[in-house]
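Each ligand, and each atom within it, is numbered from 1 in the order the structure gives.
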Amino acid sequence: MRAMQQQQEPAQVRVPHVLTVAGSDSGAGAGIQADLKTCAARGVYCSTVITAVTAQNTAGVQGVNILPEEFVREQLRSVLSDMHPDVVKTGMLPSPGIIKVLCQSLKEFQVRALVVDPVMVSTSGDILAGPSILATLREELLPLADIVTPNIREASALLCGARLETVADMHFAAKKIYDLGCRSVLVKGGDLPNCSDAVDVLFDGKELFEFRAARIKTYNTHGTGCTLASAIAAELARGSPLFYAVKRAKHYVESALDYSKDILIGEGHQGPFDHLLTLKNNALNECMPRPFDPSSLLLYAVTDSNMNKRWGRSISEAVQAAIEGGATIVQLREKDANTGDFLEAAKTCIKICHSRGVPLLINDRIDVALACDADGVHIGQSDIPAHVARKLLGPEKIIGVSCKMPAQAEKAWVDGADYIGCGGVYPTNTKQNNITVGLDGLKTVCLSSKLPVVAIGGIGISNAKPVMDLGVPNLKGVAVVSALFDRESVLAETQHLLSVITDSRSQ
Ligand SMILES: Nc1ncnc2c1ncn2[C@@H]1O[C@H](COP(=O)(O)OP(=O)(O)OP(=O)(O)O)[C@@H](O)[C@H]1O
Ligand SMILES: Cc1ncc(CO)c(N)n1
Ligand SMILES: [Mg+2]
């Protein structure tokens, strides 16, 4: 039965798909970039046909470079003929020629719905598509559209400069634009002056609807229009009826604006917001994994429970002292503690380490590392293989592997390790039957690998200097056990050793 199941083709899942035909915004709050992020946030695949590349930031639009019509046609053909998007959403269409190419493509390759955001003037007041597109937009594209989403100024331009200053004016505009031949119109009121709510007006040929949201006080509104239109497209691709697609999209924009109201990106007067509603949490969350920094290998403290017992210290007291003395990374190496106690000690040590920005690794025990959300693990040649550890721990965690020979170092690299621990450099009592590789063996491993290396084995205050003086750039520091923990004062020994290795480094 099992064998038969394995032979079957995996079930294929069709995912909703929006194609956006729009301009690139270098500031990434609007345009193609907004569309990609919005669709990702709404769980919909998004492909992209780029019509223009803009130089933009939070101060406005500094430049526009329009792509050749024929190349827009080629992109459209590539996507539409093969990937069969459910819905097409348009943004910046900067020339009548590009609009014509799009209309021809849409007639050749049918899609379920067309959302037209008639981008002309951004909220910053910059012109993205001039009046030359108006006739083609009105006559050729709007009649194909299921929904058109002008902002106040764009609605006014579509209506030959009609003044739109109130919600009642927006009602009038929605009906008039509907008469141009589209199936429905949403006039967006984000830029309506003197209006305490953000009101959008939808007209579907029969009824007028108002969508109201409290106006969020924020500078970060760049790209709200693109986002609303692509969120509508995403909802339509997921199968929502138009009214609910607009309702959900409006709610999504409101949530994203509210979430992002106090984020700071750029120096200008209109910032982007966070489509994925994650950036602020990441920035505020101290537990967010920091990328591995090889310079943290400089003074690598490895704990030993027997030594702690001998000196009457708990693991966390030992770690606290090493951290205060300047250890730059800590590894908990507990060979005989019971798992429950080890886990509790690990949790306490993580708090101590993280309060000083120091990563904490667990020796060998992937289960403990996962359970306490340690920064990573250090594994030996006879422990769980590094590629399995990587699979279990995911891409963010730090994995170090003990290697004595270039072949092991090569395998560590292939398996996805972040650093190598190489030794024993000098003879040591901490590990019995451990072969000493010496300074030459250490150098050979360093030269054979691209990975950063930390030297280990019998290193202390008296002999750390020749290790640091080896002069190979990927040798980043020394790992020590006895020289710190088999001493009366862990703090003083750590400080002393740190001064020895930083002195030899600066020579
Ligand atoms: N401060 C705000 N608070 C709540 N909703 C807002 C706010 N600003 C805009 N919106 C909403 O965002 C959507 C986009 O409206 P807007 O009129 O700003 O479009 P736009 O001018 O085309 O956008 P942009 O040019 O910045 O991409 C609308 O649903 C609008 O009501
Ligand atoms: C590329 C691009 N498209 C649309 C807008 C509208 O916000 C913008 N600012 N930039
Ligand atoms: Mg606006």
Side-chain angles (χ1 to χ4, degrees), residues 20-38 48-67 89-94 115-129 147-158 164 167 170 173 186-193 195-202 209-232 245-261 268-273 275:
T20 170
V21 183
S24 159
D25 165 14
S26 54
I32 287 281
Q33 290 81 356
D35 300 341
L36 278 169
K37 287 185 273 187
T38 302
T48 55
V49 165
I50 298 181
T51 56
V53 179
T54 69
Q56 279 190 74
N57 58 21
T58 57
V61 181
Q62 291 82 44
V64 174
N65 204 331
I66 299 177
L67 264 80
K89 177 253 160 186
T90 69
M92 180 175 172
L93 300 172
V115 176
V116 173
D117 185 19
V119 170
M120 288 176 241
V121 195
S122 71
T123 302
S124 57
D126 295 289
I127 306 289
L128 295 161
I147 181 164
V148 184
T149 63
N151 66 17
I152 293 287
R153 276 182 273 195
E154 291 153 353
S156 165
L158 284 170
L164 304 176
V167 174
M170 290 167 68
L186 182 74
V187 179
K188 300 172 292 190
D191 299 334
L192 194 69
C195 187
S196 61
D197 286 344
V199 186
D200 302 344
V201 172
L202 176 70
F209 304 95
E210 274 181 19
F211 296 89
R212 272 179 191 269
R215 186 176 291 276
I216 292 153
K217 277 205 173 70
T218 175
Y219 294 109
N220 301 327
T221 58
H222 176 71
T224 44
C226 309
T227 302
L228 183 74
S230 47
I232 294 172
V246 174
K247 189 165 185 281
R248 286 187 193 125
K250 168 98 176 151
H251 188 243
Y252 163 67
V253 171
E254 193 189 348
S255 313
L257 282 173
D258 188 43
Y259 174 87
S260 318
K261 57 179 181 274
H269 56 269
Q270 204 200 14
F273 57 99
H275 299 77

Distance, nearest 0.5 Å, that separates [atom1] of [X] from [atom2] of [Y]:
X      : Y      : atom1 : atom2 : answer
Gln56  : Asp25  : CD    : CG    : 4.0 Å
Thr20  : Ile32  : OG1   : CD1   : 4.5 Å
Thr90  : Asp117 : OG1   : CG    : 7.0 Å
Ile127 : Arg153 : CD1   : CZ    : 8.5 Å
Phe273 : Thr227 : CZ    : OG1   : 3.5 Å
Leu164 : Glu154 : CG    : CD    : 11.5 Å

Can you list the ligand 2 atoms lying under 4.0 Å from a non-hydrogen atom of [X]?
X      : answer
Gly23  : 1 (C)
His222 : 9 (N)
Cys226 : 4 (C), 5 (C), 6 (C), 7 (O)
Ala30  : 5 (C), 7 (O), 8 (C), 9 (N), 10 (N)
Gln56  : 1 (C), 2 (C), 8 (C), 9 (N), 10 (N)

Non-hydrogen atoms of [X] and [Y] that approach each other most closely:
X      : Y      : answer
Lys188 : Met170 : C-CE, 3.9 Å
Lys250 : Val199 : NZ-N, 4.5 Å
Ala34  : Cys226 : CB-CB, 4.2 Å
Thr58  : Gly268 : OG1-N, 2.7 Å
His275 : Gly29  : CE1-O, 3.5 Å

Item to check | Asn57 side chain vs Ala59 backbone, donor-acceptor pair below 3.5 Å | outcome: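 Answer holds: yes.
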Item to check | ligand 1 N/O within reach of Asp117 N/O, cut-off under 3.5 Å | outcome: no
Next on the checklist: Would Gly190 count as a polar contact of ligand 1, with the cut-off being nitrogen or oxygen pairs under 3.5 Å?
Outcome noted: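 In this structure, Gly190 places an N or O atom under 3.5 Å from an N or O of ligand 1.
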Next on the checklist: For Ala213, state whether at least one heavy atom is located under 4.0 Å from any atom of ligand 1.
Outcome noted: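 Contact check Ala213 vs ligand 1: negative.
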Item to check | Sub-4.0 Å heavy-atom approach of Ala214 to ligand 1 | outcome: yes
Item to check | Residue portion contacting ligand 1 (non-hydrogen atoms closer than 4.0 Å) for Leu257 | outcome: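 Only the side chain of Leu257 comes within reach of ligand 1.
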Checklist entry - Taking heavy atoms and a distance under 4.0 Å, where does Ile216 meet ligand 1: side chain, backbone, both or neither? => result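 Both of them.
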By number and element, which atoms of ligand 1 are closer than 4.0 Å to a non-hydrogen atom of [X]?
X      : answer
Asn151 : 17 (O), 19 (O), 20 (P), 21 (O), 22 (O)
Asp191 : 17 (O), 18 (O), 21 (O)
Gly225 : 14 (C), 19 (O), 20 (P), 22 (O), 23 (O), 24 (P), 27 (O)
Thr221 : 26 (O)
Cys226 : 27 (O)
Asp200 : 28 (C), 29 (O), 30 (C), 31 (O)
Val253 : 12 (O)

Item to check | Ser24, portion touching ligand 2 at heavy-atom distance under 4.0 Å | outcome: backbone
Checklist entry - Counting only heavy atoms not in Tyr219, do more than 12 fall under 6.0 Å of its OH? => result no
Checklist entry - Of the choices Thr224, Leu128, Asp25, which has the non-hydrogen atom that lies closest to atom 8 (C) of ligand 2? => result Leu128
Checklist outcome for this item: Of Lys250, Glu254, Lys261, the one whose closest heavy atom lies nearest atom 11 (C) of ligand 1 is Lys250
Next on the checklist: Working note: Thr149 + Leu228, criterion side-chain contact (heavy atoms from CB on, under 4.5 Å); need CA distance, chi angles, decisive distance, verdict.
Outcome noted: CA-CA 9 Å; Thr149 63; Leu228 183 74; 5.6 Å; no
Next on the checklist: Any nitrogen or oxygen of Thr54, side chain or backbone, less than 3.5 Å from one on ligand 2?
Outcome noted: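 The answer is no, given that Thr54 and ligand 2 share no N or O pair closer than 3.5 Å.
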Item to check | Within-shell test, Ala52 vs ligand 2, heavy atom, strictly < 4.0 Å | outcome: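 Ala52: no contact with ligand 2 (<4.0 Å).
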